[in-house]
Amino acid sequence: MKANLVRVVLAILVLGVGAASASAEDKIGKNCTFKGKKLWGKVQLVTSGGDLKAEVVDAFPDLKVQKVTSFPDACGKWQIVTSLPDLKVQLVSSFPDIKIQYVTTFPGKP
């Protein structure tokens with residue numbers, strides 16, 4: 001009886017971890033978008049009301065971001081602006097929509 005209970009609990013844990021991994025991979029679409037918003041271009045960092053909430057991490061990001069001063073024309077290339085943005089991002093320390101890692105080369109999906 002206890003062995004069956006242990007098997008059921010382990011099965012639930014394995015399925016839960018698999019579902020969490022799948023949802024993390026599905027956060028950013030193949031075309032480098034999040035909920036229809038492209039994740040490159042002119043980005044304004046805001047304190048509230050952003051198009052998405054992002055947490056800056058050192059490892060295991062959903063998106064690698066390279067800050068550029070011109071030509072933000074590829075996935076993960078962000079030109080930080082103060083007006084007329086393509087995307088508004090709120091940086092948070094908990095409950096992000098996506099996790100980003102700043103890089104100097106090779107931006108985009110890891």
Side-chain angles (χ1 to χ4, degrees):
M1 182 77 162
K2 287 184 180 181
N4 287 338
L5 180 60
V6 169
R7 287 185 190 129
V8 169
V9 170
L10 286 174
I12 290 171
L13 289 174
V14 168
L15 290 174
V17 169
S21 301
S23 66
E25 292 172 5
D26 294 339
K27 285 183 181 182
I28 298 176
K30 290 183 181 184
N31 55 353
C32 196
T33 60
F34 177 79
K35 293 186 179 179
K37 296 282 188 175
K38 62 181 185 165
L39 297 176
W40 71 89
K42 295 180 179 180
V43 175
Q44 182 178 10
L45 301 177
V46 296
T47 56
S48 64
D51 297 318
L52 71 94
K53 294 178 183 178
E55 179 181 4
V56 178
V57 296
D58 293 326
F60 307 110
D62 299 314
L63 180 70
K64 292 184 178 184
V65 172
Q66 179 182 12
K67 291 181 183 178
V68 297
T69 56
S70 59
F71 304 110
D73 55 1
C75 182
K77 287 191 175 185
W78 290 8
Q79 180 179 356
I80 306 299
V81 297
T82 55
S83 61
L84 303 173
D86 299 320
L87 178 69
K88 292 181 181 179
V89 175
Q90 179 182 352
L91 297 179
V92 297
S93 57
S94 58
F95 306 110
D97 295 321
I98 65 169
K99 293 179 181 180
I100 64 170
Q101 178 181 13
Y102 289 120
V103 296
T104 55
T105 57
F106 306 113
K109 291 175 65 175

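Linking ILVMFWY residues whenever their side-chain heavy atoms come closer than 4.5 Å, directly or via other members, leaves Val46 and Trp40 in distinct clusters. Neither Val89 nor Val57 shares a network with the other; the hydrophobic side chains, linked directly or stepwise wherever heavy atoms of I, L, V, M, F, W or Y lie under 4.5 Å apart, form separate groups for each. Put simply, Tyr102 and Phe34 are part of the same group of oily side chains (I, L, V, M, F, W, Y) that touch within less than 4.5 Å, one to the next. If you chain together hydrophobic residues whose side chains sit under 4.5 Å apart, Trp78 and Val81 never meet in one group. Linking ILVMFWY residues whenever their side-chain heavy atoms come closer than 4.5 Å, directly or via other members, leaves Val103 and Ile80 in distinct clusters.
Taking every heavy atom of both residues into account, Gln79 and Ser70 meet most closely at OE1-CA, 4.1 Å. Taking every heavy atom of both residues into account, Pro85 and Gln44 meet most closely at CG-OE1, 3.3 Å. Across all their heavy atoms, Asp58 and Gln101 have their closest contact at O-NE2, 3.0 Å. Heavy-atom minimum distance, Pro96 versus Ala54: CB-C, 4.1 Å. The minimum heavy-atom distance linking Lys77 with Pro107 is given by the pair CG-CG, 3.9 Å. Listed here is the closest heavy atom pair of Pro61 and Pro110: O-CG, 3.2 Å.
Annotation: Asp73, atom CG; neighbour count of heavy atoms from other residues, nucleotides and ligands within 6.0 Å is above 12.
Atom-to-atom distance recorded for Ile100:CD1 and Leu91:CG is 5.5 Å, nearest 0.5 angstrom. Atom CG of Leu45 sits about 10.5 Å away from atom CD of Gln90, to the nearest 0.5 Å. For the atom pair CD1 (Ile28) and CG (Leu63), the distance works out to 4.5 Å, reported to the nearest 0.5 Å.
For residues 28-39, the pairs satisfying side-chain hydrogen bond (donor to acceptor under 3.5 Å, both in side chains) are Asn31-Thr33, with sequence neighbours left out. Under the disulfide bond (SG atoms under 2.5 Å apart) criterion, the residue pairs touching residues 63-110 are Cys32-Cys75, with sequence neighbours excluded.
Remark: the backbone N or O of Thr104 is paired with a side-chain donor or acceptor of Gln66 at under 3.5 angstrom.
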